[in-house]
Number of protein chains: 2
Amino acid sequence: MAAALDLFEEHGYDNTTVTGIAERAGLAKSTFFRHYADKREVLFDDDTLAALLVEGIGAAPEGATALDALAHAFDRTGRAVFTNDRREFSARRIAVIAAAPELQERDALKERGLIAAMVDALERRGVPDLTARVAAELGALAFRVAYERWGDPAARDDFDQVLRRALVDVRDAGALC
Amino acid sequence: MAAALDLFEEHGYDNTTVTGIAERAGLAKSTFFRHYADKREVLFDDDTLAALLVEGIGAAPEGATALDALAHAFDRTGRAVFTNDRREFSARRIAVIAAAPELQERDALKERGLIAAMVDALERRGVPDLTARVAAELGALAFRVAYERWGDPAARDDFDQVLRRALVDVRDAGALC
DNA sequence: TGCCTCGATGGGACTTGGTCTCATCACCCT
DNA sequence: AGGGTGATGAGACCAAGTCCCATCGAGGCA
(Lines give C-alpha, C1' and ligand atoms only; values in the text may rest on other atoms or scores of the structure.)
Protein backbone atom coordinates (compact mmCIF):
# COMPACT_ATOMS: atom_id res chain seq x y z
CA MET A 1 0.00 0.00 0.00
CA ALA A 2 2.83 2.38 0.82
CA ALA A 3 4.49 1.61 -2.50
CA ALA A 4 1.23 2.27 -4.33
CA LEU A 5 0.62 5.58 -2.56
CA ASP A 6 4.14 6.72 -3.41
CA LEU A 7 3.79 5.83 -7.07
CA PHE A 8 0.30 7.29 -7.40
CA GLU A 9 1.61 10.57 -6.01
CA GLU A 10 4.64 10.54 -8.22
CA HIS A 11 3.26 9.48 -11.61
CA GLY A 12 -0.51 9.59 -11.16
CA TYR A 13 -2.87 6.68 -10.82
CA ASP A 14 -3.26 6.01 -14.53
CA ASN A 15 0.44 6.01 -15.25
CA THR A 16 1.16 3.54 -12.48
CA THR A 17 1.07 -0.16 -13.31
CA VAL A 18 0.36 -2.94 -10.87
CA THR A 19 3.59 -4.54 -11.99
CA GLY A 20 5.35 -1.35 -10.99
CA ILE A 21 3.74 -1.30 -7.55
CA ALA A 22 4.61 -4.93 -6.94
CA GLU A 23 8.17 -4.40 -8.12
CA ARG A 24 8.64 -1.47 -5.77
CA ALA A 25 7.31 -3.54 -2.90
CA GLY A 26 9.59 -6.45 -3.82
CA LEU A 27 6.70 -8.70 -4.85
CA ALA A 28 5.34 -10.28 -7.99
CA LYS A 29 2.20 -9.08 -9.75
CA SER A 30 0.38 -12.29 -8.86
CA THR A 31 1.16 -11.72 -5.19
CA PHE A 32 -0.33 -8.25 -5.36
CA PHE A 33 -3.63 -9.64 -6.59
CA ARG A 34 -3.55 -12.22 -3.84
CA HIS A 35 -3.68 -9.40 -1.30
CA TYR A 36 -5.89 -6.89 -3.12
CA ALA A 37 -8.87 -7.70 -5.28
CA ASP A 38 -7.85 -5.04 -7.79
CA LYS A 39 -5.65 -2.01 -8.30
CA ARG A 40 -8.08 0.38 -6.62
CA GLU A 41 -8.53 -1.72 -3.51
CA VAL A 42 -4.96 -1.10 -2.43
CA LEU A 43 -6.14 2.17 -0.85
CA PHE A 44 -9.42 0.83 0.57
CA ASP A 45 -8.76 -2.42 2.36
CA ASP A 46 -10.07 -1.38 5.76
CA ASP A 47 -13.07 -3.38 7.00
CA THR A 48 -12.69 -2.62 10.70
CA LEU A 49 -14.39 0.75 10.44
CA ALA A 50 -17.79 -0.61 9.46
CA ALA A 51 -17.63 -3.30 12.12
CA LEU A 52 -16.79 -0.79 14.83
CA LEU A 53 -19.55 1.57 13.75
CA VAL A 54 -22.16 -1.18 13.73
CA GLU A 55 -21.07 -2.34 17.15
CA GLY A 56 -21.12 1.20 18.50
CA ILE A 57 -24.62 1.85 17.16
CA GLY A 58 -25.87 -1.34 18.76
CA ALA A 59 -24.31 -0.37 22.08
CA ALA A 60 -25.89 3.10 22.25
CA PRO A 61 -28.25 3.74 25.18
CA GLU A 62 -31.80 2.53 24.75
CA GLY A 63 -33.76 5.71 24.31
CA ALA A 64 -31.27 7.52 22.06
CA THR A 65 -32.45 9.02 18.79
CA ALA A 66 -30.91 7.84 15.54
CA LEU A 67 -28.37 10.65 15.33
CA ASP A 68 -27.53 10.29 19.02
CA ALA A 69 -26.81 6.61 18.44
CA LEU A 70 -24.51 7.61 15.59
CA ALA A 71 -22.76 10.15 17.82
CA HIS A 72 -22.23 7.44 20.40
CA ALA A 73 -20.77 5.09 17.81
CA PHE A 74 -18.55 7.84 16.44
CA ASP A 75 -17.13 8.55 19.88
CA ARG A 76 -16.12 4.94 20.37
CA THR A 77 -14.75 4.59 16.84
CA GLY A 78 -12.99 7.80 16.05
CA ARG A 79 -9.79 7.72 17.97
CA ALA A 80 -9.46 3.95 17.71
CA VAL A 81 -9.20 3.93 13.94
CA PHE A 82 -7.86 7.35 13.09
CA THR A 83 -4.90 7.79 15.35
CA ASN A 84 -2.94 11.00 15.11
CA ASP A 85 0.01 9.30 13.48
CA ARG A 86 -2.18 8.54 10.49
CA ARG A 87 -3.11 12.14 9.93
CA GLU A 88 -0.46 12.83 7.33
CA PHE A 89 -1.18 9.59 5.57
CA SER A 90 -4.87 10.54 5.37
CA ALA A 91 -4.07 13.83 3.73
CA ARG A 92 -1.93 12.15 1.10
CA ARG A 93 -4.58 9.51 0.52
CA ILE A 94 -7.32 12.11 0.08
CA ALA A 95 -5.25 14.02 -2.46
CA VAL A 96 -4.50 10.91 -4.49
CA ILE A 97 -8.13 9.83 -4.52
CA ALA A 98 -9.31 13.29 -5.51
CA ALA A 99 -7.06 13.15 -8.57
CA ALA A 100 -8.26 9.79 -9.93
CA PRO A 101 -11.87 9.16 -10.97
CA GLU A 102 -11.43 5.42 -10.61
CA LEU A 103 -10.49 5.89 -6.98
CA GLN A 104 -13.36 8.27 -6.37
CA GLU A 105 -15.63 5.63 -7.75
CA ARG A 106 -14.36 3.06 -5.30
CA ASP A 107 -14.55 5.59 -2.52
CA ALA A 108 -18.18 6.31 -3.30
CA LEU A 109 -18.98 2.61 -3.31
CA LYS A 110 -17.27 2.06 0.02
CA GLU A 111 -19.23 4.94 1.47
CA ARG A 112 -22.43 3.35 0.28
CA GLY A 113 -21.39 0.18 2.05
CA LEU A 114 -20.80 2.10 5.25
CA ILE A 115 -24.19 3.77 4.95
CA ALA A 116 -25.92 0.44 4.36
CA ALA A 117 -24.23 -0.99 7.43
CA MET A 118 -25.34 1.99 9.53
CA VAL A 119 -28.90 1.72 8.24
CA ASP A 120 -28.96 -1.96 9.18
CA ALA A 121 -27.66 -1.28 12.64
CA LEU A 122 -30.17 1.53 13.19
CA GLU A 123 -33.08 -0.58 12.01
CA ARG A 124 -32.09 -3.27 14.48
CA ARG A 125 -32.66 -0.63 17.14
CA GLY A 126 -36.20 -0.18 15.89
CA VAL A 127 -35.58 3.00 13.91
CA PRO A 128 -38.00 3.16 10.96
CA ASP A 129 -36.46 2.59 7.56
CA LEU A 130 -36.57 6.07 6.06
CA THR A 131 -35.47 7.70 9.30
CA ALA A 132 -32.54 5.32 9.43
CA ARG A 133 -31.59 6.13 5.86
CA VAL A 134 -31.69 9.86 6.48
CA ALA A 135 -29.68 9.55 9.67
CA ALA A 136 -27.06 7.30 8.07
CA GLU A 137 -26.74 9.66 5.13
CA LEU A 138 -26.21 12.61 7.43
CA GLY A 139 -23.80 10.58 9.50
CA ALA A 140 -21.78 9.73 6.42
CA LEU A 141 -21.71 13.37 5.41
CA ALA A 142 -20.46 14.33 8.86
CA PHE A 143 -17.86 11.62 8.59
CA ARG A 144 -16.59 12.91 5.28
CA VAL A 145 -16.49 16.48 6.54
CA ALA A 146 -14.61 15.36 9.62
CA TYR A 147 -12.13 13.32 7.63
CA GLU A 148 -11.34 16.35 5.50
CA ARG A 149 -11.03 18.72 8.46
CA TRP A 150 -8.91 16.27 10.42
CA GLY A 151 -6.56 15.69 7.49
CA ASP A 152 -5.68 19.39 7.48
CA PRO A 153 -2.15 19.64 8.90
CA ALA A 154 -3.21 22.76 10.81
CA ALA A 155 -5.83 20.78 12.72
CA ARG A 156 -4.83 19.71 16.20
CA ASP A 157 -7.88 17.96 17.66
CA ASP A 158 -8.27 14.20 17.78
CA PHE A 159 -10.50 12.62 15.21
CA ASP A 160 -13.35 11.83 17.58
CA GLN A 161 -13.57 15.45 18.63
CA VAL A 162 -13.53 16.66 15.04
CA LEU A 163 -16.16 14.10 14.12
CA ARG A 164 -18.46 15.00 17.00
CA ARG A 165 -18.18 18.65 16.04
CA ALA A 166 -18.94 17.85 12.38
CA LEU A 167 -22.02 15.87 13.37
CA VAL A 168 -23.35 18.82 15.37
CA ASP A 169 -22.67 21.14 12.45
CA VAL A 170 -24.48 18.85 10.05
CA ARG A 171 -27.43 18.53 12.38
CA ASP A 172 -27.66 22.31 12.73
CA ALA A 173 -27.40 22.76 8.98
CA GLY A 174 -30.17 20.22 8.55
CA ALA A 175 -32.46 22.28 10.74
CA LEU A 176 -32.15 25.15 8.25
CA CYS A 177 -33.41 23.16 5.28
CA MET B 1 -27.50 0.34 -24.84
CA ALA B 2 -30.47 -1.90 -25.52
CA ALA B 3 -28.16 -4.69 -26.63
CA ALA B 4 -26.09 -4.29 -23.48
CA LEU B 5 -29.10 -4.33 -21.18
CA ASP B 6 -30.36 -7.50 -22.85
CA LEU B 7 -27.04 -9.28 -22.53
CA PHE B 8 -26.44 -8.13 -18.96
CA GLU B 9 -29.83 -9.55 -18.00
CA GLU B 10 -29.23 -12.77 -19.86
CA HIS B 11 -25.65 -13.66 -18.94
CA GLY B 12 -24.77 -11.24 -16.19
CA TYR B 13 -22.48 -8.22 -16.43
CA ASP B 14 -19.24 -10.12 -15.92
CA ASN B 15 -19.99 -12.76 -18.52
CA THR B 16 -20.82 -10.17 -21.15
CA THR B 17 -17.99 -8.91 -23.35
CA VAL B 18 -17.93 -5.57 -25.09
CA THR B 19 -17.29 -7.44 -28.33
CA GLY B 20 -20.50 -9.35 -27.69
CA ILE B 21 -22.48 -6.16 -27.10
CA ALA B 22 -21.13 -4.55 -30.22
CA GLU B 23 -21.79 -7.66 -32.27
CA ARG B 24 -25.38 -7.80 -31.11
CA ALA B 25 -25.83 -4.15 -32.00
CA GLY B 26 -24.25 -4.71 -35.41
CA LEU B 27 -21.20 -2.61 -34.61
CA ALA B 28 -17.48 -3.09 -34.11
CA LYS B 29 -15.81 -2.96 -30.72
CA SER B 30 -13.98 0.21 -31.64
CA THR B 31 -17.28 1.88 -32.48
CA PHE B 32 -18.65 0.96 -29.07
CA PHE B 33 -15.80 2.78 -27.36
CA ARG B 34 -16.35 5.75 -29.60
CA HIS B 35 -19.83 6.16 -28.08
CA TYR B 36 -19.18 5.06 -24.50
CA ALA B 37 -16.07 5.78 -22.45
CA ASP B 38 -16.13 2.28 -21.00
CA LYS B 39 -18.27 -0.79 -20.55
CA ARG B 40 -20.09 0.59 -17.48
CA GLU B 41 -20.97 3.88 -19.09
CA VAL B 42 -23.37 2.20 -21.49
CA LEU B 43 -26.04 2.38 -18.76
CA PHE B 44 -25.15 5.86 -17.51
CA ASP B 45 -24.78 8.20 -20.44
CA ASP B 46 -27.42 10.71 -19.39
CA ASP B 47 -26.11 14.23 -18.74
CA THR B 48 -29.37 16.09 -19.20
CA LEU B 49 -30.58 15.31 -15.70
CA ALA B 50 -27.89 17.30 -13.91
CA ALA B 51 -28.31 20.23 -16.27
CA LEU B 52 -32.07 20.35 -15.74
CA LEU B 53 -31.70 20.15 -11.98
CA VAL B 54 -29.17 22.96 -11.88
CA GLU B 55 -31.35 25.12 -14.07
CA GLY B 56 -34.39 24.34 -11.93
CA ILE B 57 -32.59 25.22 -8.71
CA GLY B 58 -31.48 28.51 -10.18
CA ALA B 59 -35.02 29.31 -11.27
CA ALA B 60 -36.62 28.71 -7.88
CA PRO B 61 -38.32 31.72 -6.23
CA GLU B 62 -36.07 34.08 -4.37
CA GLY B 63 -36.93 33.42 -0.75
CA ALA B 64 -37.22 29.65 -0.99
CA THR B 65 -35.29 27.48 1.46
CA ALA B 66 -32.75 25.00 0.13
CA LEU B 67 -35.12 22.06 0.15
CA ASP B 68 -37.88 24.15 -1.37
CA ALA B 69 -35.57 25.08 -4.21
CA LEU B 70 -34.87 21.40 -4.73
CA ALA B 71 -38.59 20.62 -4.74
CA HIS B 72 -39.06 23.30 -7.37
CA ALA B 73 -36.30 21.84 -9.52
CA PHE B 74 -37.67 18.35 -9.10
CA ASP B 75 -41.08 19.43 -10.29
CA ARG B 76 -39.68 20.84 -13.50
CA THR B 77 -37.38 17.92 -14.08
CA GLY B 78 -39.30 14.84 -13.10
CA ARG B 79 -41.76 14.29 -15.86
CA ALA B 80 -39.48 15.68 -18.53
CA VAL B 81 -36.79 13.05 -18.06
CA PHE B 82 -38.64 10.09 -16.61
CA THR B 83 -41.58 9.63 -18.91
CA ASN B 84 -43.98 6.82 -18.19
CA ASP B 85 -42.83 4.80 -21.18
CA ARG B 86 -39.42 4.48 -19.53
CA ARG B 87 -40.82 2.98 -16.36
CA GLU B 88 -40.23 -0.64 -17.38
CA PHE B 89 -36.79 0.17 -18.67
CA SER B 90 -35.92 1.75 -15.32
CA ALA B 91 -36.94 -1.36 -13.44
CA ARG B 92 -34.75 -3.54 -15.65
CA ARG B 93 -31.87 -1.12 -15.33
CA ILE B 94 -32.12 -1.04 -11.54
CA ALA B 95 -32.09 -4.83 -11.35
CA VAL B 96 -29.05 -5.13 -13.58
CA ILE B 97 -27.13 -2.50 -11.63
CA ALA B 98 -28.03 -4.10 -8.31
CA ALA B 99 -26.48 -7.36 -9.52
CA ALA B 100 -23.11 -5.95 -10.59
CA PRO B 101 -20.73 -4.23 -8.16
CA GLU B 102 -18.94 -2.45 -11.01
CA LEU B 103 -22.21 -0.86 -12.05
CA GLN B 104 -23.08 0.10 -8.48
CA GLU B 105 -19.71 1.77 -8.31
CA ARG B 106 -20.45 3.85 -11.37
CA ASP B 107 -23.92 4.59 -10.06
CA ALA B 108 -22.49 5.86 -6.79
CA LEU B 109 -20.04 8.09 -8.63
CA LYS B 110 -22.75 9.54 -10.85
CA GLU B 111 -24.82 10.28 -7.78
CA ARG B 112 -21.89 12.13 -6.27
CA GLY B 113 -21.70 14.15 -9.43
CA LEU B 114 -25.36 15.03 -9.18
CA ILE B 115 -24.94 16.03 -5.56
CA ALA B 116 -21.95 18.22 -6.37
CA ALA B 117 -23.96 19.94 -9.10
CA MET B 118 -26.85 20.57 -6.71
CA VAL B 119 -24.51 21.93 -4.04
CA ASP B 120 -23.02 24.31 -6.58
CA ALA B 121 -26.41 25.51 -7.71
CA LEU B 122 -27.57 26.01 -4.13
CA GLU B 123 -24.46 27.94 -3.18
CA ARG B 124 -25.03 30.24 -6.12
CA ARG B 125 -28.35 31.08 -4.44
CA GLY B 126 -26.45 32.13 -1.34
CA VAL B 127 -27.10 28.97 0.67
CA PRO B 128 -24.20 28.36 3.09
CA ASP B 129 -21.90 25.49 2.19
CA LEU B 130 -22.81 22.93 4.81
CA THR B 131 -26.52 23.64 4.50
CA ALA B 132 -26.24 23.14 0.76
CA ARG B 133 -24.43 19.85 1.24
CA VAL B 134 -27.04 18.56 3.65
CA ALA B 135 -29.89 19.63 1.40
CA ALA B 136 -28.30 18.10 -1.70
CA GLU B 137 -27.64 14.87 0.15
CA LEU B 138 -31.24 14.68 1.29
CA GLY B 139 -32.41 15.57 -2.19
CA ALA B 140 -30.35 12.76 -3.66
CA LEU B 141 -31.78 10.34 -1.14
CA ALA B 142 -35.30 11.42 -2.05
CA PHE B 143 -34.41 11.00 -5.69
CA ARG B 144 -33.18 7.47 -5.16
CA VAL B 145 -36.23 6.55 -3.12
CA ALA B 146 -38.47 8.00 -5.81
CA TYR B 147 -36.68 6.19 -8.60
CA GLU B 148 -37.18 2.91 -6.79
CA ARG B 149 -40.83 3.56 -6.01
CA TRP B 150 -41.57 4.74 -9.51
CA GLY B 151 -39.92 1.70 -11.08
CA ASP B 152 -42.37 -0.57 -9.28
CA PRO B 153 -44.80 -1.80 -11.97
CA ALA B 154 -47.65 -1.41 -9.48
CA ALA B 155 -46.97 2.33 -9.23
CA ARG B 156 -49.24 4.54 -11.29
CA ASP B 157 -48.21 8.10 -10.47
CA ASP B 158 -45.97 10.18 -12.67
CA PHE B 159 -42.38 10.57 -11.62
CA ASP B 160 -42.66 14.15 -10.48
CA GLN B 161 -45.50 13.27 -8.11
CA VAL B 162 -43.58 10.32 -6.71
CA LEU B 163 -40.52 12.47 -6.29
CA ARG B 164 -42.36 15.27 -4.53
CA ARG B 165 -43.88 12.74 -2.17
CA ALA B 166 -40.48 11.18 -1.49
CA LEU B 167 -38.98 14.57 -0.70
CA VAL B 168 -41.70 15.28 1.84
CA ASP B 169 -41.16 11.86 3.40
CA VAL B 170 -37.43 12.42 3.65
CA ARG B 171 -37.92 15.84 5.17
CA ASP B 172 -40.31 14.41 7.75
CA ALA B 173 -37.92 11.57 8.55
CA GLY B 174 -35.15 14.11 8.98
CA ALA B 175 -37.16 15.92 11.61
CA LEU B 176 -37.14 12.75 13.73
CA CYS B 177 -33.37 12.46 13.88
C1' DT C 1 18.69 -35.71 10.61
C1' DG C 2 15.61 -36.42 6.97
C1' DC C 3 10.94 -36.26 5.31
C1' DC C 4 6.37 -34.31 4.96
C1' DT C 5 2.86 -30.83 4.92
C1' DC C 6 1.25 -26.36 4.18
C1' DG C 7 0.85 -21.60 3.39
C1' DA C 8 2.93 -17.91 0.80
C1' DT C 9 5.21 -16.62 -3.28
C1' DG C 10 6.96 -16.47 -8.24
C1' DG C 11 6.23 -17.05 -13.00
C1' DG C 12 3.89 -17.15 -16.99
C1' DA C 13 -0.05 -18.20 -20.14
C1' DC C 14 -4.43 -16.37 -21.19
C1' DT C 15 -8.83 -13.40 -21.55
C1' DT C 16 -10.80 -8.98 -21.67
C1' DG C 17 -11.15 -3.91 -21.23
C1' DG C 18 -9.51 0.03 -23.32
C1' DT C 19 -6.34 2.98 -26.62
C1' DC C 20 -4.66 4.15 -30.88
C1' DT C 21 -3.87 4.34 -35.79
C1' DC C 22 -4.97 3.65 -40.43
C1' DA C 23 -8.04 2.44 -44.12
C1' DT C 24 -12.68 2.57 -45.86
C1' DC C 25 -17.17 4.20 -46.84
C1' DA C 26 -21.22 7.18 -47.26
C1' DC C 27 -22.70 11.67 -47.83
C1' DC C 28 -22.63 16.37 -49.09
C1' DC C 29 -21.12 20.46 -51.43
C1' DT C 30 -19.64 22.80 -55.52
C1' DA D 1 -16.48 14.30 -61.35
C1' DG D 2 -13.89 15.43 -57.43
C1' DG D 3 -12.78 16.53 -52.82
C1' DG D 4 -13.74 17.25 -48.01
C1' DT D 5 -15.89 15.34 -43.72
C1' DG D 6 -17.66 12.47 -40.22
C1' DA D 7 -18.73 7.83 -38.86
C1' DT D 8 -17.24 3.18 -39.05
C1' DG D 9 -14.28 -1.22 -39.41
C1' DA D 10 -10.14 -3.66 -38.58
C1' DG D 11 -6.46 -4.84 -36.02
C1' DA D 12 -2.13 -4.02 -33.30
C1' DC D 13 -1.02 -3.05 -28.76
C1' DC D 14 -0.87 -2.34 -23.51
C1' DA D 15 -2.45 -3.14 -18.92
C1' DA D 16 -5.82 -5.25 -15.61
C1' DG D 17 -7.20 -9.36 -13.80
C1' DT D 18 -7.58 -14.80 -13.72
C1' DC D 19 -5.68 -19.16 -13.43
C1' DC D 20 -2.54 -22.88 -12.94
C1' DC D 21 1.61 -24.93 -11.68
C1' DA D 22 6.25 -24.89 -9.74
C1' DT D 23 8.99 -23.41 -5.90
C1' DC D 24 10.44 -22.22 -1.31
C1' DG D 25 10.67 -21.88 3.65
C1' DA D 26 8.87 -22.87 8.24
C1' DG D 27 7.63 -25.95 11.30
C1' DG D 28 5.90 -30.92 12.82
C1' DC D 29 7.23 -35.58 13.34
C1' DA D 30 9.51 -40.03 13.24
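No hydrogens, no waters, no symmetry mates; every other heavy atom, side chains included, goes into these values. Remember, predicted model here, so these are calculated numbers, not experimental data.
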Exercise for the section: Identify whether the distance between the nearest side-chain nitrogen and carboxylate oxygen of A/Glu123 and A/Arg133 falls below 4.0 Å. Expected result: no
Encoded 5' to 3' (Watson-Crick or G-U under 3.5 Å; [ ] crossing; | other strand), DNA chain C becomes ||||||||||||||||||||||||||||||
Of A/Ser30 and B/Leu27, the one whose nearest nucleotide on DNA chain D sits closer to the 5' end is B/Leu27
A/Tyr36 atom OH is separated from D/dT18 atom C1', nearest whole Å, by 19 Å
Atom CZ of A/Phe32 and atom C1' of C/dA8 are separated, to the nearest Å, by 17 Å
Closest of D/dG9, C/dG18, C/dG10 to the A/Ala28 side chain is C/dG10
Ranking C/dG10, D/dA10, D/dA16 by distance to the side chain of A/Arg34, first place goes to C/dG10
*asked:* C/dT9, OP1 or OP2 - any side-chain N/O from A/His35 closer than 4.0 Å?
replied: yes
Between CG of A/Leu7 and P of D/dA15 the distance, given in whole Å, is 14 Å
- Message: Side-chain N or O of A/Arg40 versus OP1/OP2 of D/dG17: is the shortest distance under 4.0 Å?
- Response: yes
B/Lys29 atom NZ is separated from D/dA7 atom C1', nearest whole Å, by 19 Å
Describe the nucleic acid contact of B/Gly20 in one word from base, sugar-phosphate, nothing, applying a heavy-atom distance below 4.0 Å.
nothing
Item to complete: Go through the steps to decide whether A/Arg165 and A/Asp169 satisfy the test salt bridge (Lys or Arg N to Asp or Glu O under 4.0 Å), and finish with yes or no.
Response: CA-CA 6 Å; A/Arg165 173 72 200 178; A/Asp169 288 347; 3.3 Å; yes
Per nearest nucleotide of DNA chain D, the residue lying toward the 5' end, B/Thr31 or A/Thr17, is B/Thr31
B/Glu23 atom CD is separated from D/dG9 atom C1', nearest whole Å, by 13 Å
A/Asp14 CG to D/dA16 C1', in whole Å, measures 12 Å
What I'd like to find out is whether the side chain of B/Leu163 reaches to under 4.5 Å of the side chain of B/Thr77, using heavy atoms alone. no
In whole angstroms, the gap separating P of C/dG17 from CZ of B/Phe33 amounts to 7 Å
- Query: If you draw the axis of the six-membered ring of A/Phe8, does the NZ or CZ of A/Lys39 fall within 45° of it and under 6.0 Å from the ring centre?
  - Reply: no
Between NE2 of B/His11 and P of C/dT16 the distance, given in whole Å, is 13 Å
Discussion item. Grouping I, L, V, M, F, W and Y whenever their side-chain heavy atoms are under 4.5 Å apart, do B/Val162 and B/Leu52 come out in a common cluster?
Written reply: yes
Q) Do A/Phe159 and A/Phe74 have ring centroids that are under 6.0 Å from one another? A) no
* Would you say B/His72 and B/Ile57 make side-chain contact, with heavy atoms under 4.5 Å? -> no
